[in-house]
Amino acid sequence: QVQLVEAGGGLVQAGGSLRLSCAASGRTFSIYAMGWFRQTPGKEREFVAADNWSGKSQDYADSVKGRFTISRDNAKNTVYLQMNNLNPGDTAVYYCGLRAGPIASMSPDEFDYWGQGTRVTVYS
């Protein structure tokens, strides 16, 4: 079984920054892709960013392009999400997902494991 633990959420003023982290432990796969999604009450889980195993190919939702950066440290089994210039529309619970295999996806249905989520609240 794989455990994912997110950290780094919190309360931040609009224009500010946060850095989320997600550490994988347990039965970690030798090759896996990682992604970040977010969810607000009453809405489906929304794609934010994803990173292939190689770390050389990232995808971003249009709403976060230029503001968010996904990165990973495979030696630490950890993925990060640097979030800059936050706005109230970014308020959500953020989840990291792990997908076995080298290629990431923008669909939450294609991820195999999830963390418990970390809440991000942006106030104006």
Any non-hydrogen side-chain atom of [X] less than 4.5 Å from a side-chain atom of [Y]?
{"X": "V120", "Y": "L20", "answer": "yes"}
{"X": "Y123", "Y": "T91", "answer": "no"}
{"X": "Y80", "Y": "T69", "answer": "no"}
{"X": "P102", "Y": "N52", "answer": "no"}
{"X": "S63", "Y": "R38", "answer": "yes"}
{"X": "D90", "Y": "R67", "answer": "yes"}
{"X": "M83", "Y": "V122", "answer": "no"}

Ring-plane angle category for F37 and W114, please: parallel below 30°, perpendicular beyond 60°, tilted otherwise. perpendicular

Nearest 0.5 Å, please: how far is [atom2] in [Y] from [atom1] in [X]?
{"X": "C96", "Y": "I70", "atom1": "SG", "atom2": "CD1", "result": "9.0 Å"}
{"X": "F68", "Y": "R19", "atom1": "CZ", "atom2": "CZ", "result": "14.5 Å"}
{"X": "R99", "Y": "S107", "atom1": "CZ", "atom2": "OG", "result": "8.5 Å"}
{"X": "D109", "Y": "E44", "atom1": "CG", "atom2": "CD", "result": "8.5 Å"}
{"X": "Q116", "Y": "L4", "atom1": "CD", "atom2": "CG", "result": "8.5 Å"}
{"X": "S54", "Y": "I31", "atom1": "OG", "atom2": "CD1", "result": "10.5 Å"}

ring-ring contact (aromatic ring centres under 6.0 Å, His included), that's the test. Do Y113 and Y32 meet it? Break it down for me. CA-CA 11 Å; Y113 299 94; Y32 54 90; over 10 Å; no

Please give me the minimum heavy-atom distance between N84 and S17, naming the atom from each residue. OD1-OG, 2.9 Å

Quick check: W36 with Y95 (ring centres under 6.0 Å apart)? no

